[in-house]
Amino acid sequence: MQKLIKDFDIPNKKIETWKFTDLKKIFEKNIFEPLSTSIKNESIKSNVDTNVEKNIFFDPNINFVIFENGFVKKINIQSKNLEIKPTKIASKKQIIDQKNFSRNDSLLEINETFLNDNLLIKIKKGTKLKEPISIFYYNSEKKNYLINNRINVIAEKDTEAVINEIFISNNKAIYWNNVHSYICLEQNSKLEHYKIQLEGDSSIHSSSSSVNCNSSSIYNNFIFSIGGSLSRIEVNSSINSSDINFNIKGLYLAKTNQHHDITTVMQHKHPESKSNQHIKGILQKNSSGVFQGKVIVSQDAQKTDAFQFNQNLLLSESAEANAKPELEIYADDVKCSHGATTGELDEQMLFYLRSRGLNKEEAQKVLIEGFINELFDEIKNSELKKKLLLTSKKNFFK
Amino acid sequence: MSIDVETKKTVKSITKKYKYGFTTNVESDKAPKGLNEDIVKLISKKKDEPKWLLDWRLKAFRAWLKMDEPNWSMVKFPKIDYQDSYYYSAPKPKKKLKSLNEVDPAILSTYEKLGIPLEEQKRLAGVAVDYVFDSTSVATTFKDQLAKLGIIFCSFSEAVKKHPELIKKYLGTVIPYTDNYFATLNSAVFSDGSFVYIPPGVRCPMELSTYFRINAENTGQFERTLIIADKDSYVSYLEGCTAPMRDENQLHAACVELITLDNAEIKYSTVQNWYPGDEKGKGGVYNFVTKRGACRGNNSKISWTQVETGSAITWKYPSCILQGDNSVGEFYSVAITNNFQQADTGTKMIHLGKNTKSTIISKGISAGKGQNTYRGLVRMGPKATNGRNFTQCDSLLIGDRCGAHTVPYIEVKNQSAKVEHEATTSKISDEQMFYCRQRGLDQENAVSLIVNGFCKEVLKELPMEFAVEAQKLLGISLEGSVG
């Protein structure tokens, strides 16, 4: 029998990993119905919505994929040795080993059951892609759709690539975007993965990246989360070999009434790999932010170097920041540490700036920009950095 | 690999057996095994308790029946059969005791073995010791001196008889009888414990101390401690325990409630060295304790210091509820797990009042196959303006078969509150060992020295009497592990 959305247990506070984020509560007020695949054909006929092409992150001269209202609308491949196509493979089995990523919630199951489009991106052996791959998820419907898409990335041996995932809408749309990616990094491959979450204000965003790393691979992840009424972004890693470098930089800017959640699980299973996480959050009126990070170092993963840092900045009395940075360590010869701080803008710093003639708002702006820039400085692509800073300014602190 | 196999063997060969493993032969007065309403009534009747207290116990018992054993902690143990345990046992009362000479000589010699001869301690250390021997207080010292100041320091059952108004007013106000599985069980069947009341403006002139000891076979011990520091008062309370060697696991579910009113301070120190089980993980005490303090008054302070070296399983989160403005909570902890020991310990700092401050320093040491978890919560309520917390938890791993885990929860609902958390995990470095060995210290002393240095921040918070014992304990607990 066909499963319905109501047959699933929507993640809620009873599940330990969802302690601070209650999806079920929203779901009770606002029912989201899975988007049926029969709508697909209609959607393909029309042209790409101009809102996508007008978006500042859009560039017609690079590789791109456009998802519109749940389905692939356009695929544009510029580079050689790059394959992007819809696929039917069950990514859970073929792209990554399911056993490496155990979960205790239903999001992936929901994704699997109601899957709309499943995309395979393969970077062929030895290829160093010059042009990035941008994936746009655009929504314009107000129909409370639950959209399930999936991206499978295989970076073959000795490859280099940049993938940008950009979530946008016309800001009137109401939907729940449930998008998951499975990433397999083969030996000596390098992937830069940007997730830019600019969903509409009335939407729900839940996404995850499950990254399977093989020896000498490098994964640099940058998360930028600013949209949606509720957003949950997860990164799950499985470090299966030595000499792997895994980095996550994350920033959430929580506007009034928003809820942002960044959750990471870092599994060090083999010796001599490195991971580094730095997550920052800024919170405005009535907003709440969550960072949950777990570093697991198995018994065999000696000489692991794992670092995790979370900083939250509260800009309003009614803002709320929750953090749960966890370490689970079973090996003795490791370097693991984590830190977490939460506070408001420093009085002394504000005083310093104001004594130099800046008014209160200007001084605050300077400090907030400084707080954000610490993460943006890590972005090598200066064009992208500029666009992200511009987006932050436009949407968050004018 | 930091230390070669040969060194491991050498260290193992000099491992000493549990130093305090012995049993005292005192006839015990036991209730039948098992747990039901009749047992609860029996305990209450044996203690000649008023009806309101029996009702409270029964309410707790009925609540307990509906509860499930918590399973969220990182400890594993075979299911406990709560019906296969004695819930009441007391040394047979011979006659009323007037002086120490009348105390059962067997009990006195037990304490002598532990290195705390009652007489000597009484005279030299100036410590009033309320000995708890298997659930019933046997002797209380220094009562007269304390009475002059109006300080009440007696067993819980005595307090129920003599000061029912205080018990009625404060019992269960910090840990309600519905709080959690083990606290509720304790509320239903608690045997005895200590009661302390410090009147307004009094600074308790000596450290108050209780020595706990589990003795009769298969006796779960359910202590209940209640300490109230009235306005402008101060008290330092010491709790320490050692237990005899046992094969069967013993359950211990204690409750400790602390209350401080305006400007009052309680300093609560624990050294816990119960039987941790043998090298193969057999036996050992299950230590499931609920400890919580409420800073009710403004400018009040509660400070927890613990050195946890014993028990097969430790499940313990001494917490502070900072209700009063400017109140302060502190938690200093050293937890050692060796062999198959498991510890899941930490604290909760709930900031409710303005300008409340808390400090958490936790040092976890894992050796052998021990698993050590720090689990803590720092919550800044919406009204905790200018609340401040600093948390530091460091873990030291000795050997490659142990684990150290950190699970902090940070919840901030106030803009002006500042919360900082940091944690590190490390091992004893080869350089440190080399340095010590080169200066003539043997492996064991070198480890002990380094571990003592690692824990210094916490040990210095302990009262003098405990600091010495604690330092020795760290060394003893780590014997047989590898440096």
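Letters A, B, ... are given to chains in the order of the sequence lines, protein chains preceding strands, and every chain is numbered from 1. No hydrogens, no waters, no symmetry mates; every other heavy atom, side chains included, goes into these values.
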Minimum heavy-atom distance between [X] and [Y], given as atom pair plus value:
X        : Y        : value
A/Leu314 : B/Asn414 : CD1-O, 3.3 Å
B/Pro408 : A/Pro325 : CD-O, 2.6 Å
A/Ala331 : B/Leu397 : O-CD1, 3.1 Å
A/Gln299 : B/Asp400 : CG-O, 3.4 Å

Between [atom1] of [X] and [atom2] of [Y], what distance do you get to the nearest 0.5 Å?
X        : Y        : atom1 : atom2 : value
B/Ile410 : A/Asn312 : CD1   : CG    : 8.5 Å
B/Gln415 : A/Glu344 : CD    : CD    : 5.0 Å
B/Asn389 : A/Thr341 : CG    : OG1   : 11.5 Å
A/Gln292 : B/Tyr409 : CD    : OH    : 8.5 Å
B/Ser426 : A/Asp333 : OG    : CG    : 10.5 Å

Kindly check if the number of other-residue, nucleotide or ligand heavy atoms within 6.0 Å of [atom1] ([X]) is above 12?
X        : atom1 : result
B/Lys418 : NZ    : yes
A/Glu317 : CD    : no
A/Lys255 : NZ    : yes
B/Tyr435 : OH    : no
B/Met67  : CE    : yes

| remark: In terms of heavy-atom pairs under 4.5 Å with chain A, the winner among B/Pro382, B/Ser429, B/Cys402 is B/Cys402

| said: Looking only at heavy atoms and a cut-off of under 4.5 Å, which of B/His421, B/Arg375, B/Met74 has the most pairs with chain A? | reply: B/His421

Atom group of [X] that falls short of 4.5 Å from chain B, counting heavy atoms:
X        : answer
A/Phe20  : side chain
A/Lys19  : side chain
A/Gln302 : side chain
A/Thr342 : both
A/Glu16  : side chain
A/Leu315 : backbone

| said: Between A/Cys336, A/Gly339, A/Gly289, who has the most heavy-atom pairs with chain B when the cutoff is under 4.5 Å? | reply: A/Cys336

| Counting heavy-atom pairs under 4.5 Å to chain B, which of A/Gly343, A/Ser318, A/Ala340 comes out on top? | A/Ala340

| request: Take A/Tyr330 and B/Arg401, measure what side-chain contact (heavy atoms from CB on, under 4.5 Å) needs, and give me the verdict at the end. | output: CA-CA 7 Å; A/Tyr330 298 94; B/Arg401 287 289 172 265; over 6 Å; no

| request: Go through the atoms of B/Ala417 and report whether side chain, backbone, both or neither lie under 4.5 Å from a heavy atom of chain A. | output: backbone

| What part of B/Gln371 is in contact with chain A, defined as an atom under 4.5 angstrom from a non-hydrogen atom: side chain, backbone, both or neither? | side chain

| task | Please determine if B/Lys427 and A/Asp332 form a salt bridge, counting it only when a charged side-chain N lies under 4.0 Å from a carboxylate O. | result | no

| task | Please answer whether the main-chain N or O of B/Glu422 pairs with a side-chain N or O of A/His338 as donor and acceptor at a distance below 3.5 Å. | result | no

| request: Identify the residue among B/Thr406, B/Val407, B/Thr373 that makes a side-chain contact (heavy atoms from CB on, under 4.5 Å) with A/Glu326. | output: B/Val407

